[in-house]
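Working notes for the structure below.
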Amino acid sequence: EPRVTVTTLRKMKCEGEKIVMLTAYDASFAKVLDTQGVEVILVGDSLGMVIQGHETTVPVTMDDMVYHTRAVTKTSQRALVIGDLPFMSYTSPELALRNSARLMQESGAHMVKLEGGAPQVATVRQLAHHGVPVCAHLGLQPQSVHKLGGYRVQGRDEAVAKQMLDDAIALQEAGADMLVLECVPVALAAQITQALEIPTIGIGAGRDCDGQVLVLHDMLGISPRAPKFSQDFIGAGATIPQAVAAYVQAVKAGTFPADQHCFF
Ligand code: KIV
Ligand code: NA
């Protein structure tokens with residue numbers, strides 16, 4: 001099967017086929033996801049929490065991301081692989097270019113991801129200009145947790161919601177290829193999804209997004225504190241490949257996320 005590309009993802013949005021994304025951090029899990037039909041594998045800086053045992057993603061370094069992304073691209077053959085840019089690795093367009101080059105050249109990533117709205121527009125434009133596919137990330141931005149004072153839903157306030165929509169459009173105009181929306185009320189995520197030509201991928205953002213993503217360890221039921229928006233797909237007695245297949249099927253069918261995984 002041919003590799004999933006940005007063109008594939010745009011076509012899926014146009015045709016209303018849900019995009020299935022999951023995180024992975026090593027070669028073995030990447031192989032399972034790739035085999036079970038996950039279209040996009042995110043090597044997330046969530047590895048700081050689920051692999052390294054930190055309380056936040058803040059301590060994760062570029063070297064960590066290069067190491068794990070390289071392992072994932074070794075075994076994935078069909079999925080598009082996104083390497084996450086960690087905290088402080090994209091504070092200028094030049095730094096973002098240098099670090100994106102590491103993820104693509106040393107690790108084989110097909111796209112990079114960064115958090116932020118208006119302040120990142122110039123960086124996204126530079127990356128796009130130099131041929132780096134970019135996934136943006138709005139709503140809850142975990143790298144800013146110490147500034148936010150905790151993990152909670154973003155965009156219930158009308159002014160914040162308006163800003164998020166404006167930021168989403170500005171990021172698309174700058175050349176972003178995809179947008180993750182994290183912990184956003186269902187109606188706002190739906191509005192942003194409709195306003196954009198690029199696909200939106202929700203995590204705690206309702207079922208109207210063009211696709212869904214979860215942290216692998218959350219959906220396998222082995223996270224110490226899985227968030228409200230996650231579901232344990234391993235259930236009673238499923239194997240890991242069966243759990244991944246059930247997640248793929250639930251996202252495709254629109255049965256995940258259900259109301260209890262959403263913010264209204
Ligand atoms: O790091 C990560 O896993 C992420 C997802 C939660 C979107 O950014
Ligand atoms: Na991340």
Side-chain angles (χ1 to χ4, degrees), residues 9 19-26 29-30 33 38-62 64-69 71-72 79-90 96 99-100 103 107 109 111-117 120 134-148 151-154 168 171 176-184 189 192 198-206 209-220 222-231 247 251 256-257 261 263:
L9 300 174
I19 297 164
V20 185
M21 176 160 146
L22 266 182
T23 69
Y25 317 97
D26 68 37
F29 278 105
L33 272 48
V38 172
E39 278 112 8
V40 184
I41 300 178
L42 169 65
V43 189
D45 63 354
S46 50
L47 69 83
M49 300 165 89
V50 299
I51 302 291
Q52 298 174 330
H54 297 298
E55 286 198 9
T56 73
T57 61
V58 171
V60 177
T61 66
M62 265 313 297
D64 295 334
M65 295 311 307
V66 167
Y67 174 92
H68 287 279
T69 303
V72 165
L80 182 147
V81 177
I82 306 181
D84 225 351
L85 287 165
F87 185 63
M88 288 296 152
S89 72
Y90 51 100
N99 285 323
S100 298
L103 290 175
S107 306
M111 184 180 283
V112 303
K113 186 166 87 56
L114 51 75
E115 298 178 7
Q120 295 305 332
V134 180
C135 179
H137 183 153
L138 293 174
L140 177 63
Q141 295 162 33
Q143 291 173 13
S144 303
V145 64
H146 295 307
K147 189 77 179 164
L148 286 166
Y151 299 104
R152 67 176 74 90
V153 61
Q154 304 290 316
L171 289 161
D177 297 282
M178 196 147 77
L179 174 65
V180 164
L181 293 171
E182 179 164 355
C183 280
V184 173
I192 293 172
I198 59 171
T200 62
I201 308 292
I203 175 162
C209 293
D210 298 306
Q212 299 290 328
V213 60
L214 285 178
V215 169
L216 181 66
H217 294 59
D218 291 345
M219 61 80 70
L220 292 180
I222 52 171
S223 290
R225 43 185 190 291
K228 164 195 162 79
F229 53 70
S230 186
Q231 180 180 317
Y247 168 71
V251 172
F256 178 81
H261 308 116
F263 303 99

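Each ligand, and each atom within it, is numbered from 1 in the order the structure gives.
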* Look at the side chain of Glu39 and the backbone N and O of Val20, then say whether any donor-acceptor pair between them is shorter than 3.5 Å. => yes
* Asked: In the protein, how many N/O/S atoms are under 3.0 Å from the Na ion (ligand 2)?
  -> 2
* Check whether any side-chain heavy atom of Met62 lies under 4.5 Å from a side-chain heavy atom of Leu85, and answer yes or no. => yes
* Asked: Just by distance, do the side chain of Asp45 and the backbone of Asp84 share a donor-acceptor pair under 3.5 Å?
  -> no
* To do: Report, in ascending order of atom number, the atoms of ligand 1 lying under 4.0 Å from any heavy atom of Ile203.
  => 6 (C)
* **Heavy-atom side-chain contact between Val50 and Leu216 under 4.5 Å** => no
* Asked: Ignoring hydrogens and geometry, is there a side-chain-to-backbone donor-acceptor pair from Ser223 to Asp218 under 3.5 Å?
  -> yes
* Mode of Asp84 contact toward ligand 1 - side chain, backbone, both, neither (heavy atoms, under 4.0 Å) -> side chain
* Do me a favour and list the nearest non-hydrogen protein atom to atom 8 (O) of ligand 1 with residue, atom name and distance? => Lys113 NZ, 3.0 Å
* Asked: Which atoms from ligand 1 have a heavy atom of His137 less than 4.0 Å away?
  -> 8 (O)
* Start with the C-alpha gap between Val180 and Met21, add the side-chain angles, then the distance that decides, and say whether side chain to side chain contact (heavy atoms under 4.5 Å, CB included) holds. => CA-CA 10 Å; Val180 164; Met21 176 160 146; 4.1 Å; yes
* Min N/O separation Asp45 to ligand 1 under 3.5 Å -> yes
* **Sub-3.5 Å N/O-N/O distance, Glu182 and ligand 1** => no
* At a 4.0 Å threshold, what atoms of ligand 1 neighbour a non-hydrogen atom of Thr23? -> 3 (O)
* Report the C-alpha separation of Met65 and Asn99 in whole Å, then their side-chain angles, then the decisive distance to 0.1 Å, and conclude whether the side chain to side chain contact (heavy atoms under 4.5 Å, CB included) test is met. => CA-CA 10 Å; Met65 295 311 307; Asn99 285 323; over 6 Å; no
* To which of Gly44, Ser46, Gly204, Ser230 does the heavy atom nearest atom 3 (O) of ligand 1 belong? -> Ser46
* Pairwise side-chain contact, Tyr67 with Thr61, heavy-atom cut-off 4.5 Å (strictly under) -> no
* Asked: Leu179 and His137: which non-hydrogen atoms are nearest, and at how many Å?
  -> CD1-N, 3.8 Å
* Taking the side chain as every heavy atom from C-beta outward, state whether Asp177 and Leu9 have any pair of such atoms under 4.5 Å apart. => no
* Asked: atom 5 (C) of ligand 1: which protein heavy atom is closest, and how many Å away?
  -> Leu42 CD2, 3.6 Å
